[in-house]
Amino acid sequence: MFNFRLHVISAYLPFFIKGTLLTIGISLAGVIFGTILGLFIGLGKMASNRLLRLPFVWYINFFRGTPLLVQILLIHFGLMPMLMNPVNAVASIIVALALNSAAYIAEIFRAGIQSIDRGQMEAARSLGMTHTQAMRYIILPQAFKRMVPPLGNEFIILLKESSLGAIIAVPELMYWGRAAQAQYFAVWEPYLMVALIYLVLTLSLTHLLNYVERRLKTE
């Protein structure tokens, strides 16, 4: 008969809490850097010049067309050693998540901006605004409201994908789940605990995003 060993969870509870905080921090940093980078890549892909547009197109193709696990390994063992010594695994996973999410967020920005009627840009320009001013004050605020649901989905996906950091020994939530499994030869207890914490995090984030979406609709 299956015997659920609570002492496995209680012994690793401080590590699960520590790993959860690091998971939230990594995901938040990945989202912030990914959003900033994604905005510029999205605008770059919309450039009228084909040669100027090409590197942005292939950036998106590469990061959307290859597994995130491969990207993490390339960045941690290939790119980061050229930038820092010794390599920090937390920095590697933040860079990997930011670069990967930027490709998806760029497409969300592009779709959101292109969903705004062209007449809005023409009207802004006729009022004397520059292209940058029209984007900043007229187009982007309207597009952002339409981008909230897909951006929310991307953030939730990013939160779950941060668990791949365990592969390069980032001490986040999944890392401690694997450590508990290895020490006690237990599968159900640590991984159910990890799954429960991820579920609480994603549901909390979903409720927060739904609240933001409702507020924006009201405004």
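Owing to the predicted nature of the structure, the values given are computational and were not obtained by experimental measurement.
- Note on K145 versus E213: no salt bridge recorded, every NZ/NE/NH1/NH2 to OD/OE distance being 4.0 Å or above.
- Remark: L158 CG to I26 CD1 distance equals 10.0 Å, nearest 0.5 Å.
- Here the CG atom belonging to L192 is positioned 7.5 Å from the CD1 atom belonging to I9, to the nearest 0.5 angstrom.
- Side-chain contact between F15 and T20: absent, with no pair of heavy atoms (C-beta onward) separated by less than 4.5 Å.
- Under the 4.5 Å side-chain contact rule for hydrophobic residues, V200 and V194 do not share a cluster.
- Looking at heavy atoms from C-beta onward, E189 lies out of side-chain contact with H7 at the 4.5 angstrom threshold.
- Taking 4.5 Å as the limit, every side-chain heavy atom of Y104 sits out of range of all side-chain heavy atoms of I157.
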Q: Let me see the working for S163 and L173 under side chain to side chain contact (heavy atoms under 4.5 Å, CB included), right down to the final yes or no.
A: CA-CA 7 Å; S163 63; L173 185 55; over 6 Å; no
Q: Report the C-alpha separation of L43 and I113 in whole Å, then their side-chain angles, then the decisive distance to 0.1 Å, and conclude whether the side chain to side chain contact (heavy atoms under 4.5 Å, CB included) test is met.
A: CA-CA 9 Å; L43 293 174; I113 291 169; 3.9 Å; yes
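- Following chains of ILVMFWY side-chain contacts shorter than 4.5 Å, one cannot reach V170 starting from L28, and the two form parts of different hydrophobic clusters.
- Checked options V87, I94, L99, L83; the residue passing with I75 is L99 (criterion: side chain to side chain contact (heavy atoms under 4.5 Å, CB included)).
- Of the N and O atoms on the side chains of R110 and Q114, at least one donor lies less than 3.5 Å from an acceptor on the other residue.
- Atom CD1 of I167 is separated from atom CD1 of I72 by 8.0 Å, given to the nearest 0.5 angstrom.
- The two residues L159 and S27 come nearest to each other via the heavy atoms CD1-OG, 3.3 Å.
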Q.
Let's go through Y191 and M174 carefully: what are the C-alpha distance in whole Å and the side-chain angles of both, what is the deciding distance for side chain to side chain contact (heavy atoms under 4.5 Å, CB included) to 0.1 Å, and is it a yes or a no?
A. CA-CA 8 Å; Y191 289 139; M174 190 64 190; 3.6 Å; yes
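- No more than 12 heavy atoms of other residues, nucleotides or ligands shown are found within 6.0 angstrom of CZ on R136.
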Q: Walk me through it: do Y59 and L37 pass the test side chain to side chain contact (heavy atoms under 4.5 Å, CB included)?
A: CA-CA 11 Å; Y59 177 94; L37 189 59; 3.7 Å; yes
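- Smallest separation of non-hydrogen atoms from T23 and S162: CG2-OG, 3.4 Å.
- For the atom pair CD1 of I108 and CG of L39, the computed distance is 12.0 Å after rounding to the nearest 0.5 Å.
- A heavy-atom distance below 4.5 Å is not found between the side chains of N61 and F56.
- In this structure the side chain of M135 reaches within 4.5 angstrom of the side chain of M121, judged on heavy atoms.
- Taking each heavy atom of F62 and Q71 in turn, the nearest pair found is O-NE2, 4.1 Å.
- Y12 and Q183 are linked by a side-chain donor-acceptor pair at a separation below 3.5 angstrom, with hydrogens and angles left out of the test.
- Nearest heavy atoms, T35 versus F109: O-CE1, 3.7 Å.
- Side chains of V31 and S101 form no contact here, defined as non-hydrogen atoms less than 4.5 Å apart.
- Residues V95 and F33 have side chains not in contact (no heavy-atom distance under 4.5 Å, counting atoms from C-beta outward).
- Of all the heavy atoms in P171 and L22, the pair that sits closest is O-CD2, 3.3 Å.
- Cluster annotation: L6 and M193 are assigned to the same hydrophobic cluster (Ile/Leu/Val/Met/Phe/Trp/Tyr, side-chain heavy-atom contacts under 4.5 Å, transitive).
- The CD1 atom of I139 lies 15.5 Å from the CZ atom of F144; values are rounded to the nearest 0.5 Å.
- Contact detail for L209 and G152: the closest heavy-atom pair is CD1-CA, 3.2 Å.
- V70 and L164 end up in different hydrophobic clusters when Ile, Leu, Val, Met, Phe, Trp and Tyr side chains are linked at under 4.5 Å.
- L196 and W188 end up in different hydrophobic clusters when Ile, Leu, Val, Met, Phe, Trp and Tyr side chains are linked at under 4.5 Å.
- The distance from atom CD1 of I138 to atom CD1 of I116, rounded to the nearest 0.5 Å, is 10.5 Å.
- The shortest side-chain heavy-atom distance between W176 and I17 does not fall under the 4.5 Å cut-off.
- Put simply, the side chain of N100 never gets that close to the backbone of A96: no donor and acceptor are under 3.5 Å apart.
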